[in-house]
Amino acid sequence: MNELLKILRDYFPTAVYTGNALVFISEESRVELAQRVGSMAGELACPIIRVRLFTRDNNGEFLPGHYEDFQIEDISDLAGEIEKFVQFAVGKNIHEK
């Protein structure tokens with residue numbers, strides 16, 4: 001099920017693969033990419049990647065925030081759109097080494 005995440009790991013070298021998600025952590029935020037299983041037959045043909053954003057509160061804990069689902073067949077396009085989304089949401093480039 002997580003083959004797509006393993007492929008995306010090559011696009012985002014700063015991410016850590018946990019077995020269930022790709023995780024990016026900075027001092028201010030945390031980003032998780034996880035593969036979802038679609039409930040409709042059409043969704044199974046193209047996996048869904050959920051990108052969840054977390055922000056750090058005053059106590060240092062990460063609080064869940066916005067999430068977005070991506071369902072793009074081409075892996076390069078998928079990685080590019082995820083990268084743009086995260087850059088605009090947290091103001092950091094997640095693709096840099």
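None of the values given here were measured: they were computed from a predicted structure.
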**Request:** Decide yes or no on side-chain contact (heavy atoms from CB on, under 4.5 Å) for Phe85 and Leu53, but give the supporting numbers first.
**Result:** CA-CA 10 Å; Phe85 173 75; Leu53 305 172; 4.0 Å; yes
**Request:** Assess whether side-chain contact (heavy atoms from CB on, under 4.5 Å) is satisfied between Leu4 and Ile75, documenting all intermediate values.
**Result:** CA-CA 8 Å; Leu4 185 55; Ile75 191 73; 3.1 Å; yes
**Message:** Before you tell me yes or no, could you show the steps for Ile25 and Phe62 under side-chain contact (heavy atoms from CB on, under 4.5 Å), namely the whole-Å CA-CA distance, both residues' side-chain angles and the distance that decides it to 0.1 Å?
**Reply:** CA-CA 10 Å; Ile25 298 177; Phe62 286 110; 4.0 Å; yes
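Put simply, the side chain of Leu33 reaches to within 4.5 Å of the side chain of Phe12, judged on heavy atoms. Taking 4.5 Å as the limit, every side-chain heavy atom of Ser29 sits out of range of all side-chain heavy atoms of Phe24.
Judged by distance alone, with hydrogens and angles left aside, the side-chain atoms of Asp57 form a donor-acceptor pair with the main-chain N or O of Asn59 at under 3.5 Å. With Asn2 contributing its side chain and Leu5 its backbone, the two residues share no donor-acceptor pair below 3.5 Å. Under the 3.5 Å distance criterion, the side-chain polar atoms of Arg56 are matched with a main-chain donor or acceptor of Glu27.
Applying side-chain contact (heavy atoms from CB on, under 4.5 Å) to Ile82 and the options Asp77, Val31, Ile49, Leu22 leaves one that passes, Ile49.
What you find for Asp69 and Tyr67 is that their closest heavy atoms are OD1-CD1, 4.1 Å. Residues Ser76 and Tyr11 approach most closely at OG-OH, 3.1 Å, considering heavy atoms. Taking each heavy atom of Glu3 and Gln35 in turn, the nearest pair found is N-OE1, 4.3 Å.
Neither Val86 nor Leu63 shares a network with the other; the hydrophobic side chains, linked directly or stepwise wherever heavy atoms of I, L, V, M, F, W or Y lie under 4.5 Å apart, form separate groups for each. Clustering ILVMFWY residues whenever any of their side-chain heavy atoms sit less than 4.5 angstrom apart, transitively, puts Val23 in a cluster other than the one holding Ile48.
Interatomic distance, Asn20 CG to Glu32 CD, rounded to the nearest 0.5 Å: 9.5 Å. To the nearest 0.5 Å, atoms OG1 (Thr55) and CZ (Arg30) are separated by 12.5 Å.
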